[in-house]
Amino acid sequence: MAKDPGKSKEPKSSGKRSVPPIPSRTGHGGELHQTAAGNIHGRLTTNQGVVISDNQNSLRLGERGTALLEDFILREKIAHFDHERIPERIVYARGSAAHGYFQVYKSLSAITRAAFLQNPQERTRVFVRFSTLTGGAGSIDTPRDLRGFAVKFYTSEGNFDLVGSNIPVFFIQDAMKFPDLAHALKMEPDRGFPQAASAHDTFWDFVSLTPESMHMLMWVMSDRAIPRSFRMMEGFGVHTFRLINACDEAKFVKFHWRPTIGSTSLIWDEAVKLGGADPDFHRRDLWEAIDKEHYPEFELGLQVFDEAFAEKLDFDILDPTKLISEELLPLQMVGKLVLDRNPDNFFAETEQVAFHPGHVVPGIDFTNDPLLQGRLCSYLDAQLIRLGGPNFHEIPINRPVCPWRNFQRDGQMRMTVAPGQIAYEPNSIARDTPRECPETGFQSYRANYPVESSTEKRRSRAESFADHYSQARLFWTSMTPPEQQHIVSAFSFELGKVARPAIRQRMLGHLMTIHSELGRRVIAALGVEEVEPAKPAVQPRNDKPSPALSIVAKAPKTIQGRKIAILVTDGSDAAFIGKLKRQITGAGAEVAVLAPLIGGIRTSDGNRLAADHALYAGPSVFFDAVAILPSSEGVVNLAREAAAIDWLRDAFAHLKVIAYHTDAALLFEKAQIDVAADEGMVVLNGSTGGVGTFLDMAKQHRIWAREPLVRGATA
Ligand code: HDD
């Protein structure tokens with residue numbers, strides 16, 4: 001008889017119950033509450049708990065005969081597999097998540113009664129899902145797109161979801177436009193492409209007809225839309241919310257997340273190459289950082305203000321296309337979010353987590369922002385279709401950690417067993433059933449803002465929402481020259497992909513109105529006809545630039561959390577590699593050894609050194625800075641390899657700091673790169689330079705002065 005492949009041995013039973021039954025109020029059925037007991041016993045079972053004797057072969061008539069319908073084990077297994085996928089999120093489908101905790105620095109009782117913001121000794125569990133807006137669940141991590149930044153706080157008073165993004169404003173002012181925006185942005189419905197890309201006619205047609213999107217367009221055409229890592233991007237709650245304290249006093253608030261290792265972005269060419277070299281670049285980066293216990297951290301910053309402050313602004317605080325600049329209202333840093341645990345199961349947690357801006361707790365409330373108001377009705381509905389019914393709150397990742405009890409009953413996939421005769425309130429029959437709590441329960445804030453003088457029903461947009469260009473202009477004038485150059489390049493790339501000239505020209509009219517310099521530079525980069533500026537309803541102001549909007553201007557000098565590659569060959573100096581590795585990790589960065597082959601190299605002392613990546617599978621786009629340390633023999637082969645030449649050329653073109661041993665000279669020659677091109681080229685074994693200088697330079701991340709030499713407006 002043929003040997004059965006992969007047939008596993010039956011585990012020995014300890015004879016003990018591994019899972020104690022949970023006591024049931026009804027006195028029976030406690031075992032219904034067990035979870036994943038099969039895993040714990042170590043025996044493979046069906047979903048009904050029947051132990052499976054053979055998981056390799058289906059039941060059939062004779063050795064080579066037909067399969068039998070009575071094989072309930074096969075049928076259950078395949079049917080379950082057939083149902084494994086649920087509808088992906090219509091937007092923000094591709095996501096990666098992590099568990100962690102949040103802790104306030106000091107009590108915020110003066111501004112909010114939310115329990116999780118009172119006690120600096122207390123940690124509140126969180127689950128955070130980062131995502132891209134546009135692409136499907138199987139798309140890439142590095143398209144030009146905004147990133148979702150959704151945080152679920154499991155507080156003692158219920159779950160609070162802060163469902164934000166890495167951009168502080170949005171495309172539209174009213175939820176009525178959201179389906180149109182999403183349809184225009186996602187793949188075109190007849191052809192099913194482009195995937196995860198805004199560079200196509202329907203998107204630019206829609207936004208060019210929707211001037212309120214101009215400010216957001218500046219952000220998505222900036223480097224903010226190609227973050228280097230989820231660990232290195234800011235987050236925003238976008239809308240104005242309210243905080244309410246125990247005395248029922250309310251303040252307005254804007255929520256901000258700030259990564260403690262600073263925010264930084266990719267260069268567009270890196271993002272494009274990463275799409276092919278590692279479509280999971282951000283997902284992997286987040287997973288590996290947590291796995292290596294380099295826990296991502298974000299500080300929570302608040303902009304707190306009152307109605308008098310709101311009234312003095314040149315825009316409406318209910319308008320989600322506007323931000324309050326930090327120069328006008330600085331952030332108060334109030335607490336820290338730490339992501340310290342990867343999910344156990346992608347589907348069970350990252351896919352099934354259900355966020356909803358309507359999940360608030362006492363002490364936090366909404367405003368009349370019309371986009372937020374529309375979101376409040378959308379998310380619950382989205383979970384009903386996505387997770388198959390009204391009991392999605394019972395899925396472990398969505399369950400509150402505080403007790404919850406009400407008379408909602410039944411429905412698809414009800415998990416809890418609600419005992420007793422009473423499923424209504426008020427009732428006089430059972431004393432221990434839940435009752436409403438006027439004193440401690442959630443109270444919507446009593447006052448409206450602004451106080452409406454009319455109760456007439458209408459479909460209209462307030463005059464105070466009409467200025468669509470001032471903050472777009474502010475964004476442009478607040479950028480450093482390289483950031484401005486990248487915005488010009490992004491518009492040129494995207495509008496260059498637009499097939500209908502009329503759409504392109506209409507969009508260029510808007511750019512001229514945002515700022516004539518921006519418009520002219522994009523027009524020049526596209527080589528098209530000059531256009532008339534669009535006619536705005538409100539003439540844009542010339543606000544004082546806000547350096548806080550620029551990530552280059554405020555970039556901290558650090559290599560914390562960054563990745564540095566060392567390229568080596570057989571014969572590379574063992575002592576030198578060791579020293580470099582120690583100093584890099586000592587400075588808080590990660591190090592990866594790259595060798596011509598994954599089998600590693602034999603160093604100068606005859607020992608083997610393992611490689612983290614083979615050169616051809618570890619392009620320099622994976623790293624933030626690079627060191628090139630071949631032996632004088634090894635460099636000869638390296639200089640013949642296109643992969644090695646591209647590796648160096650890319651590192652140079654992506655403005656990375658490059659350290660080298662003088663034995664690498666031949667590779668530089670072949671790549672046509674001057675070893676002394678700029679201060680970002682550091683010799684490791686010379687009288688100047690050295691490892692200290694390399695690490696110091698690497699803190700700058702990019703050598704911006706190099707950029708004009710390697711890239712024009714359209715690259
Ligand atoms: Fe939304 C998901 C963020 C406007 C309707 N949204 C979703 C997610 C994020 C955001 C991060 C993914 C949550 C997760 O990881 O599961 N959405 C935003 C931001 C907005 C915004 C920052 C503007 C400020 N969204 C918005 C509007 C509507 C929606 C105006 C509809 C009127 N959003 C949804 C949704 C999603 C969603 C369809 C898709 C899947 C889901 O909810 O669970 O309901």
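These numbers come from the heavy atoms of this one structure, side chains and all, not from hydrogens, waters or symmetry mates. Atoms within a ligand are numbered from 1 in the order they appear, just like the ligands themselves. From a predicted model like this one, the values you see are computed outputs, not experimental measurements.
D201 and K497 are not joined by a salt bridge, as no carboxylate oxygen comes within less than 4.0 angstrom of a charged side-chain nitrogen. Between E349 and R129 there is no salt bridge, since none of the side-chain N atoms of the basic residue sits less than 4.0 Å from a carboxylate O of the acidic one.
Proximity to Q383 (heavy-atom distance under 4.0 Å) selects the following atoms of ligand 1: 41 (C), 43 (O). The atoms of ligand 1 that sit less than 4.0 Å from any heavy atom of L371 are 23 (C), 24 (C), 30 (C). Every atom of ligand 1 is numbered from 1 in the order shown, and the set under 4.0 Å from a heavy atom of I90 is 38 (C).
Contact annotation for H356 and ligand 1: no heavy atom of the residue comes within less than 4.0 Å of the ligand.
The set of protein atoms (N, O or S) found at less than 2.8 Å from atom 1 (Fe) of ligand 1 reads Y379 OH, by chain and number.
Between F230 and H282, the ring planes lie tilted relative to each other; the angle falls in the 30° to 60° range. Below 30°, between 30° and 60°, or above 60°: for H239 and F241 the angle between ring planes is above 60°, a perpendicular geometry. Between F116 and F153, the angle of the ring planes lies from 30° to 60°, which puts this pair in the tilted group. Taking the six-membered ring where the residue is Trp, W257 and F149 present parallel rings, their angle staying beneath 30° rather than reaching 60°.
By the 4.0 Å heavy-atom criterion, G95 is excluded from the residues contacting ligand 1. At least one heavy atom of H239 sits under 4.0 Å from some atom of ligand 1.
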**Report entry** Steps toward side chain to side chain contact (heavy atoms under 4.5 Å, CB included) verdict (F465, L318)
**Finding:** CA-CA 8 Å; F465 280 46; L318 303 180; 3.9 Å; yes
Query raised in the report: Checking side chain to side chain contact (heavy atoms under 4.5 Å, CB included) for the pair Q173/K322: CA distance, chi angles, key distance, verdict?
Result: CA-CA 10 Å; Q173 296 173 321; K322 305 296 187 300; 4.1 Å; yes
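Around CD1 of I86, the count of heavy atoms belonging to other residues, nucleotides or ligands within 6.0 Å exceeds 12.
Nearest protein neighbour of atom 16 (O) of ligand 1, counting heavy atoms only, is R89 NE, 2.8 Å.
Test H256, R224, R147 against E234 for side chain to side chain donor-acceptor pair (under 3.5 Å) and you get one pass: R224.
The option from P320, G164, S165 that lies nearest to atom 11 (C) of ligand 1, judged by heavy atoms, is G164. Nearest to atom 15 (O) of ligand 1 by heavy-atom distance, out of R94, E88, R129, is R129. When F392, F355, F130, F171 are checked for heavy-atom proximity to atom 13 (C) of ligand 1, F355 turns out nearest.
Screening residues 349-389 for ring-ring contact (aromatic ring centres under 6.0 Å, His included), with sequence neighbours left out, gives H356-H359.
The shortest N/O to N/O separation between S131 and ligand 1 does not fall below 3.5 Å.
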